[in-house]
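Reminder, nothing fancy here: chain letters follow the sequence lines and each chain counts from 1. Side chains are part of it too, since the values below use all heavy atoms of this structure and drop only hydrogens, waters and symmetry mates. Just so we're clear, the structure is a prediction, and the values are computed from it rather than from any experiment.
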Amino acid sequence: MILNRHQQIWLVVSKIPHGHVATYGQVAELAGLPRQARAVGSILSQLPRGSDLPWHRVINSRGELSFPLDSNKYQEQKSRLEQEGIQFTGEKISLTTYGWNGVD
DNA sequence: AATTTGACCAGTA
DNA sequence: CTACTGGCCAAAT
């Protein structure tokens, strides 16, 4: 059976290893939806309540979090990432942990 | 039915 | 570094 884009994206996001991050574009690409980064953000914004998907490991291509700096979401994502050992330099994620190539 | 919006991106200037 | 462009497309207006 063919998976709809939600499932494809959930699948990819669920595979991002602990302590690593992937960009929206990467997730879209790996999900077989090239150039549809927006769809990833759109779908992550509609996650079912209580989902255990590691949505916080998805960041934008600038190496930053796609939330307003003063928002709770920003803080939540940042703490979750820091909890996994990901370091920040200002608002950007350190290049050492940046980029998951889709293979563990 | 038409238009705008959105957790985005890569290229160009 | 910033600013703007066109690409993308389902959902909400």
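A:R35 contributes no side-chain N or O that forms a donor-acceptor pair with the base of C:dG7 under 3.5 Å.
One P atom belongs to B:dC9, the other to C:dC1, and the distance between them is 16 Å to the nearest Å. Comparing B:dA7 with C:dG6, their P atoms sit 23 Å apart, to the nearest whole Å.
Across the protein-nucleic acid pair, A:Q75 atom CD and B:dA7 atom P stand 18 Å apart, rounded to whole Å. Rounded to a whole Å, the CG atom of A:L65 is 14 Å from the C1' atom of B:dC8. Here B:dA7 presents its P atom at 18 Å from CD1 of A:I93, a figure rounded to the nearest Å. For the pair A:E64 CD and B:dA7 P, the interatomic distance rounds to 16 Å; values are reported in whole Å. For the pair A:R57 CZ and B:dA7 C1', the interatomic distance rounds to 17 Å; values are reported in whole Å. As rounded to whole Å, 13 Å separates atom P of B:dC8 from atom CD1 of A:I9. Atom CZ of A:R5 and atom C1' of C:dC8 are 10 Å apart (whole Å). At whole-Å resolution of the value, CZ in A:R62 and P in B:dA7 are 13 Å apart.
Minimum interatomic distance between A:A28 and A:A37 (heavy atoms only, all atoms of both residues): CB-N, 3.9 Å. Contact detail for A:Y74 and A:P68: the closest heavy-atom pair is CB-O, 3.2 Å. Closest of all the heavy-atom pairs between A:L53 and A:S14 is CD1-CB, 3.8 Å.
A:S66 has a side-chain polar atom (N or O) that falls below the 4.0 Å cut-off from OP1 or OP2 of B:dC8. When the side-chain nitrogen and oxygen atoms of A:S61 are compared with OP1 and OP2 of B:dA10, one or more of them lie within a distance under 4.0 Å. For C:dC1, one of the phosphate oxygens OP1 or OP2 lies less than 4.0 angstrom from a side-chain nitrogen or oxygen of A:K92.
Checking B:dA7, C:dC8, C:dA10 against the side-chain heavy atoms of A:Q36 singles out C:dC8 as nearest. Here the side chain of A:T23 is nearest to one of C:dC9, B:dC9, C:dC1, namely B:dC9.
Expressed to the nearest 0.5 Å, how far CG of A:L81 lies from NE2 of A:H20 amounts to 12.0 Å.
Between the side chain of A:Q26 and the backbone N or O of A:T23, at least one donor-acceptor pair lies under 3.5 Å. Between the A:Q83 side chain and the A:K78 main chain, no donor and acceptor come within less than 3.5 Å of each other.
Across the interface with DNA chain C, nearest-nucleotide mapping of A:S42 and A:P34 shows A:P34 to be the residue nearer the 5′ end.
Between A:R80 and the choices A:E84, A:E76, A:E82, the salt bridge (Lys or Arg N to Asp or Glu O under 4.0 Å) rule is met once, by A:E76.
Contacts between residues 44-52 of chain A and DNA chain B, defined by a heavy-atom separation under 4.0 Å, are made by A:L44, A:S45.
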